[in-house]
J.: 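Sharing a structure, written as structure tokens. Questions coming.
Counting convention: from 1, in listed order, for ligands and their atoms alike. Bear in mind that the values here come from a model prediction, so they are computed numbers and not experimental data.
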Amino acid sequence: MKNCAIVGTQWGDEGKGKIVHFLAEKADVIVRYQGGNNAGHTIIFDGKKFVCHLIPSGILENDKICLIGNGVVFDPIEFINELEELEQAGYSCKGRLFVSDCAHTILPYHRLLDAAKEKAAKNKIGTTKKGIGPAYTDKAARQGIRLAEYIDDDAFQKLLSANLESKAEDLNCDIKALKSEIMEGRNAIVAKLRNFVADTSILLADAIKDDKKVVFESAQGTMLDIDHGTYPFVTSSNPVSGAAYCGSGIGPGAIQEVIGIAKAYTTRVGEGPFPTELDDAIGQKMRKIGGEFGATTGRPRRCGWFDAVVVRTAARLNSLTGIALTKIDVLDSFEKIKVCVGYKMQGKTLTAMPANRFAYEQLQPEYIELDGWMSDTSSATSYQDLPKKAQDYIAKLEELCEVPVQIVSVGPDKAATIVR
Ligand code: GDP
Ligand code: IMO
Ligand code: MG
């Protein structure tokens, strides 16, 4: 196996957790490089189910090293909760799970500011309210608190006081009480947390030098990327593969493969443009069969047809070398299946998402229609087992996105995975 990055090609929830966990078996190190616990990566195997939010999906393979890179925004309390859940399930993490000392922390006031901003906004983003945006804002404004400072008693006291002072007006609450609450929460976990803090850039460089195999695990998806996504309806980081270098602390060249995870249809949770959205019985059928409810917030996901404009764009932005196509089984009972191949806007056909937010609502998807296969794919164990019409669908997506489909996922369980 080569070092590989796993990225979402759509608006998140493509099945990254499942595929990272599947590939982790053959890897040595798994690294998260951006986002935070806004992510919800579902892993199902041997009758067990886990949702990883902050900890890499490789953690469920007992002998793997897992790193949380400098590019992640890190909620220490949520980390300890997730860690304890894993420990209770029998997974030992000490000595193989490390968090970058440069990662910026998400503190309770970031969550408060996130929720308050969403509540007051006329044009809501529909964030996960985990404090992601405010924490990245502080980082960019050079007001953030790094993990190395969070675990240092004196440094944290000083930085917390200064931060609360500067945010007092926006927070509009009893700052003294909030400060005590933050200190109490922090003091309860900091001794345990210290065991996991390290310079993960050095750990990663050493692993690569030793020819260890690394999987870079993205959160969110390309259309939620702050530079390349449907701005402003995006997250506050760069999920694209290029960010794997910066967010994990290595230089370009260490990644040889980039696998884009694409759902066989499209979903989106939160607000923002979604040209192929189906606000009808077909969309509801997708949601029901696909179990399309947020793994982090429980919100119903919006559903629609596969958008080849989006996935082809993701192929370019991420230098995809292959696609893992997930949830093909969800389409087993659809007589006709549509695929968006372009957008009509003011008489012209667009082959990429426009940059101007006021153009989004004018986009009319142009579709091709294929025959559904109307038979079960969930028990297929090889590519040849798939119905001919399902193979035709996959071939059409490969042609439209200009990337080979290397993995086909036919069910949520790890075992329901076909490698071509
Ligand atoms: P992630 O955020 O990209 O890791 O994806 P999520 O875990 O948020 O959402 C994907 C959902 O689809 C989870 O409930 C998975 O268990 C499920 N899933 C993944 N692959 C498949 C598949 O091939 N078929 C079906 N039916 N479900 C899948
Ligand atoms: P995974 O890794 C789907 C969406 C939110 C909202 C926007 C901004 O599980 O694929 P944020 O809280 O990041 O400021 O919210 O991004 N969003 C996701 N949607 N999957 C995710 O992660 C997401 N993480 C954030 O719904 O629209
Ligand atoms: Mg998810």
J.: Decide whether S166 and Q143 meet the rule of one side-chain donor and one side-chain acceptor closer than 3.5 Å.
T.: no

J.: Will you find, in the side chains of T326 and K18, an N or O donor that is under 3.5 Å from an N or O acceptor?
T.: no

J.: At what distance is the nearest protein heavy atom to atom 23 (O) of ligand 1, and which residue and atom is it?
T.: S409 OG, 2.5 Å

J.: On the 0 to 90° scale, with breaks at 30° and 60°, tag the W373-Y393 ring pair as parallel, tilted or perpendicular.
T.: tilted

J.: Quick one: nearest non-hydrogen protein atom to atom 19 (N) of ligand 2, plus distance?
T.: V269 CG1, 3.4 Å

J.: Taking the side chain as everything from C-beta on, heavy atoms only, tell me whether V339 gets closer than 4.5 Å to W305.
T.: no

J.: Just so I know, are the side chains of Q34 and Q220 near enough to count as touching, which here means a heavy-atom distance under 4.5 Å?
T.: yes

J.: Provide, to 0.1 Å, the distance between atom 13 (O) of ligand 2 and the closest protein heavy atom, together with that atom's residue and name.
T.: T235 OG1, 2.6 Å

J.: Enumerate the atoms of ligand 2 whose separation from the nearest heavy atom of A219 is less than 4.0 angstrom.
T.: 2 (O)

J.: Salt bridge or not for R420 and E398, using N-O below 4.0 Å?
T.: yes

J.: Measuring from the heavy atoms of K130, does anything fall under 4.0 Å of ligand 2?
T.: no

J.: Look at atom 7 (O) of ligand 1 and say which protein heavy atom is nearest, naming residue and atom and giving the distance to 0.1 Å.
T.: T42 OG1, 2.6 Å

J.: Hey, looking at atom 4 (C) of ligand 2, which of T297, L224, T267, D114 has the closest heavy atom?
T.: L224

J.: Considering both backbone and side-chain atoms of T128, is one of its nitrogen or oxygen atoms within less than 3.5 Å of a nitrogen or oxygen in ligand 2?
T.: yes

J.: Please state which protein non-hydrogen atom is closest to atom 10 (C) of ligand 1 and give its distance, to 0.1 Å?
T.: D13 O, 3.7 Å

J.: Backbone or side chain, does any N or O of H41 fall under 3.5 Å from an N or O of ligand 2?
T.: yes

J.: Does the distance from a Lys or Arg side-chain N to an Asp or Glu carboxylate O, for D392 and K388, drop under 4.0 Å?
T.: yes

J.: With atoms numbered from 1 as shown, which atoms in ligand 2 lie under 4.0 angstrom from a non-hydrogen atom of G270?
T.: 27 (O)

J.: Is it true that G8 lies under 4.0 Å from ligand 2, counting heavy atoms only?
T.: no

J.: Can D28 and K64 be counted as an ion pair, charged N to O under 4.0 angstrom?
T.: no

J.: Measure the distance from atom 6 (P) of ligand 1 to every protein heavy atom, then report the residue, atom name and distance (to 0.1 Å) of the closest one.
T.: G40 O, 3.5 Å

J.: Can you tell which of H53, Q10, R299 gets a heavy atom nearest to atom 26 (O) of ligand 2?
T.: R299

J.: Should H53 be listed as contacting ligand 1, given a heavy-atom distance under 4.0 Å as the test?
T.: no

J.: Tell me which protein heavy atom sits closest to atom 23 (C) of ligand 2, plus the residue, atom name and distance to 0.1 Å.
T.: Q220 CG, 3.6 Å

J.: Of the backbone atoms (N, CA, C, O) and the side-chain heavy atoms from C-beta on, which set of W11 has a member under 4.0 Å from an atom of ligand 2: side chain, backbone, both, or neither?
T.: backbone

J.: Looking only at distances, can you tell me whether any N or O atom of G15, backbone or side chain, sits closer than 3.5 Å to an N or O atom of ligand 1?
T.: yes

J.: Return the option from D329, V7, T417 holding the heavy atom at the smallest distance from atom 26 (N) of ligand 1.
T.: D329

J.: Quick one: angle D13 OD1 - the Mg ion (ligand 3) - G40 O, to the nearest 10°?
T.: 170°

J.: Could you check whether K285 makes a cation-pi contact with F334, meaning its NZ or CZ is under 6.0 Å from the centre of the six-membered ring and within 45° of the ring axis?
T.: yes

J.: Determine, considering heavy atoms only, which of D13, V234, T296 sits nearest to atom 7 (C) of ligand 2.
T.: V234

J.: Out of all atoms in ligand 2, which are within 4.0 Å of some heavy atom of G126? Include the element for each.
T.: 5 (C), 6 (C), 26 (O), 27 (O)

J.: In terms of ring plane angle, is the pair F45 and H21 parallel, tilted or perpendicular, where the classes change at 30° and 60°?
T.: tilted

J.: Note the single closest protein heavy atom to atom 12 (O) of ligand 1, along with its residue, its atom name and the distance in Å.
T.: K327 NZ, 2.9 Å

J.: With atoms numbered from 1 as shown, which atoms in ligand 2 lie under 4.0 angstrom from a non-hydrogen atom of K16?
T.: 1 (P), 2 (O), 10 (O)

J.: What is the closest protein heavy atom to atom 15 (O) of ligand 2, and at what distance does it sit?
T.: T127 CA, 3.4 Å

J.: Should the pair R301-D13 be classified as a salt bridge under the 4.0 Å nitrogen-to-oxygen rule?
T.: yes

J.: Atoms of ligand 2 less than 4.0 Å from A39 heavy atoms?
T.: 1 (P), 2 (O), 9 (O), 22 (O)

J.: Just distances here: any N/O of G40 and N/O of ligand 2 closer than 3.5 Å?
T.: yes

J.: With a 4.0 Å cut-off on heavy atoms, does G411 reach ligand 1?
T.: yes

J.: State plainly whether the residues K192 and E84 are in salt-bridge range, i.e. N to O under 4.0 Å.
T.: yes

J.: Pairs of nitrogen or oxygen atoms closer than 3.5 Å, one from I44 and one from ligand 1: do any exist?
T.: no

J.: Can you tell me which residue and heavy atom of the protein come closest to atom 4 (O) of ligand 1, and the distance to 0.1 Å?
T.: G17 N, 2.8 Å

J.: Does this structure show an ion pair linking K124 with E118, if we count only N-O contacts that are shorter than 4.0 Å?
T.: no

J.: Which is it for R301 and ligand 1 at heavy atoms under 4.0 Å: side chain, backbone, both or neither?
T.: side chain

J.: Within the structure provided, determine whether I261 and I6 are in side-chain contact (heavy-atom separation under 4.5 Å).
T.: yes

J.: May I ask you to identify the nearest protein heavy atom to atom 19 (C) of ligand 1, giving residue, atom name and distance to one decimal place in Å?
T.: K18 CD, 4.1 Å

J.: What I want to know is whether R268 and ligand 2 share at least one N or O pair that is separated by under 3.5 angstrom.
T.: no

J.: Considering only NZ, NE, NH1 and NH2 on the basic side and carboxylate oxygens on the acidic side, decide whether R268 and D307 come within less than 4.0 Å.
T.: no

J.: For F50 and Y91, take the angle between the two ring planes, folded into 0 to 90°, and tell me which bin it lands in: parallel under 30, tilted 30 to 60, perpendicular over 60.
T.: perpendicular

J.: When you look at D138 and H110, which way does the side chain to side chain donor-acceptor pair (under 3.5 Å) test go after all the steps?
T.: CA-CA 9 Å; D138 271 359; H110 292 122; 2.9 Å; yes

J.: Which atoms of ligand 1 have any heavy atom of K16 under 4.0 Å away?
T.: 1 (P), 2 (O), 3 (O), 4 (O)

